[in-house]
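Right, one structure below, let's go through it.
In listed order, ligands and their atoms are each counted from 1.
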Amino acid sequence: MSESAQPATPVAFPPAFLWGAATSAYQIEGAVRKGGRTPSIWDTFSHTPGKTADGDHGDIAVDHYHRYREDVALMAELGLTAYRFSVSWSRVQPTGRGPAVQVGLDFYRRLVDELLAKGIKPAVTLYHWDLPQELEDAGGWPERDTAYRFAEYAQIVGEALGDRVEQWITLNEPWCSAFLGYGSGVHAPGRTDPVAALRAAHHLNLAHGLGTAALRSVMPPLNQVAVSLNSSVIRPISQRPADLAAARQIDDLANGIFHGPLLHGAYPATLLAATSTVTDWSYVLDGDLRAIQQPLDALGLNYYTPTLVSAADGVPDGPGADGHGASSFSPWPGADDVAFHQTPGERTEMGWTVDPTGLHELIMRYVQEAPGLPLYITENGAAYEDKVDADGRVHDPERITYLHGHLAAVHRAITDGADVRGYYLWSLMDNFEWAYGYAKRFGMVHVDYGTLERTPKSSAHWYGEVARTGALPGVPTV
Ligand code: FCB
């Protein structure tokens, strides 16, 4: 049957599909010195001159720590059924080791209770990039001990919240932690050492495995443990063998380095070979791969834009080499002969090309890579230059178009057999966008950084309607 002869695409999602929004602790909480919280690497980094746009930091952020009730009420009014947030490690275990601080845990208990009371399902991310500074001072993720510390922390939070939170995510985007934190240095702690980046990647994998086991040892068996990967959709610029090889190399460094050990119990042989001039991988000890490959209950996928690569052939890198900020250091160890290009098409304020086909492709890849594993889109969204109009409203039609296209891609993947169980829009509200500070607005709720007033944008009303009806309005073109 030809495209045009097809009946109108059904746009209803499965009835149990979760309609959520996502945030992370350092990006929204503020209250950085409350209740004995100590600095994380992001406190230190953002207070280091020149590291973030305008020297922005998360000291106050959007003050969610004090306004969480209002924020949960807003989610409920909009009609959301799920919320993904992260726990600040240094709020619950200030030095990254030792006993838990109950005041810190109490904040998250109150937040979870508030969500449950409003019928919103919480999903807890244990680590969204904010390592306690003391652990960085002891060597950070390149050191093995950090993985053991993470397992201990996971157990503490699992014991405190496991009775009321079913959905758990160990790590958010370990690629960013390892390669932007220790490779290109655009993220905290800002180191630029390719070997440290690869060591960090392994210890993050190990932390996931040990953390998963620790969570399961203290939680009810029906709770689900997942990890959120920013698995990249890597596309070669042409079918030339050199470009295909470049795409494979970046795919190993972006994806295989995590889903290899997590899903298949081994690092890809091609990754080990391509990085052999950089590292000997001697920090992968006997038993590590077994410890990492814990059975997962679900996989979280974060998607924003595809990555277009070619063999270098003297072509200079375009934007998009690492997505979260410019650096003269590469986040791709051993891939000096690969060039990055801007995918053609419309772009968001981040300069990221809008391409919902990438989300469909990503989901279908994991249908092959991990058959039968439930999937969640744990982040997807866009930054635009949103302004409050004279009528006090914020109109963001571009974001609605973005969301419409990407939700249609998710729907198409479900129709194609993928078991996608939920979608978390990044982000609930405008917040501290890492190295970009407050300059980039990803929220469906606008935040006035002077008054901290929250105003749902038109996309929030649109998304709320989708959540309430469980269906996309109109037939989108993907
Ligand atoms: C993701 C991060 C999230 C936010 C979005 C835009 O990589 O997980 O915190 O920065 O990008």
message: List the residues meeting salt bridge (charged side-chain N to carboxylate O under 4.0 Å, His left out) with Asp193, not counting sequence neighbours, and say none if there are none.
response: none
Protein residues having a heavy atom less than 4.0 Å from any atom of ligand 1: Gln27, His128, Trp129, Asn172, Glu173, Tyr304, His324, Glu379, Trp426, Glu433, Trp434, Phe442
- prompt: Is the Phe107 ring parallel, tilted or perpendicular to the His64 ring (thresholds 30°, 60°)?
  reply: perpendicular
message: Can you pull out every salt bridge (charged side-chain N to carboxylate O under 4.0 Å, His left out) where at least one residue sits in residues 35-50? Sequence neighbours excluded, please.
response: Arg37-Asp43
- prompt: Hey, what's the ring geometry for Tyr26 with Trp434, parallel, tilted or perpendicular (30° and 60° as the breaks)?
  reply: parallel
task: Just say parallel, tilted or perpendicular for the rings of Tyr304 and Phe442, cut-offs at 30° and 60°.
output: perpendicular
Any residue meeting side-chain hydrogen bond (donor to acceptor under 3.5 Å, both in side chains) with Thr401, in chain and number order, not counting sequence neighbours: none
